[in-house]
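In what follows, a structure is listed as structure tokens, so that the remarks can point back to it.
We count ligands from 1, going down the list as the structure has it; atoms in each ligand are counted the same way.
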Amino acid sequence: MSAEETAKSRQVEAICERHANREGPLLPILHDLQAAFGYVPGEAIGEVARYLNLSRAEVYGVVTFYHDFRRTPPRPHSLKVCRAEACQAVGGREVWATASSLAADPACRVDVEAVYCLGNCPCAPSVQFDERTLGRLTPDRVSSLIAGAVGGEAS
Ligand code: FES
């Protein structure tokens, strides 16, 4: 086990211990793991299972049941694409198709997720790129946003 893996394992153990005396500790542990690492690391699932005397399948089932638990490290940028009706009616489907297709590339620097209304309906189709809400998106424009997302900053 590398020094980094050992440190991570100790952190997982400390999080488990923090919740040891709680009733129903699994969800708080998973939330704390995600807060610490940005996702729930696969190797932590076994450690949590051992600590709580559960099977790996039980812990994995909870992680995969809740949409908010990530199983991979977050990418540097986030793109939320509105898939609600007002946006879908004016080109949002094409924006979503483009964005989700580009995000399927493992080298993509942008996490893409569907949301249902960003409160920007008059400017549909809308997205939120990192903290900025943008309207009147087109497939070309969303491609440019994703292509421009290099390093820790979008260009
Ligand atoms: S429906 Fe897309 S912003 Fe409201």
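Using a 4.5 Å cut-off on side-chain heavy atoms (C-beta onward), Arg18 and Asp32 make contact. Considering only heavy atoms from C-beta on, Leu26 comes within 4.5 Å of Leu54 through its side chain. Residues His77 and Asp130 form a side-chain contact, since some pair of their non-hydrogen atoms from C-beta on lies under 4.5 Å apart. At a threshold of 4.5 Å between non-hydrogen side-chain atoms, the residues Val142 and Phe129 do not count as touching.
Tally of protein N, O or S atoms closer to atom 4 (Fe) of ligand 1 than 2.8 Å: 2.
In this structure, the side chain to side chain contact (heavy atoms under 4.5 Å, CB included) partners of Tyr60, at least two apart in sequence or on a different chain, are Ile45, Thr64, Arg71.
Asp111 and Lys80 are not joined by a salt bridge, as no carboxylate oxygen comes within less than 4.0 angstrom of a charged side-chain nitrogen.
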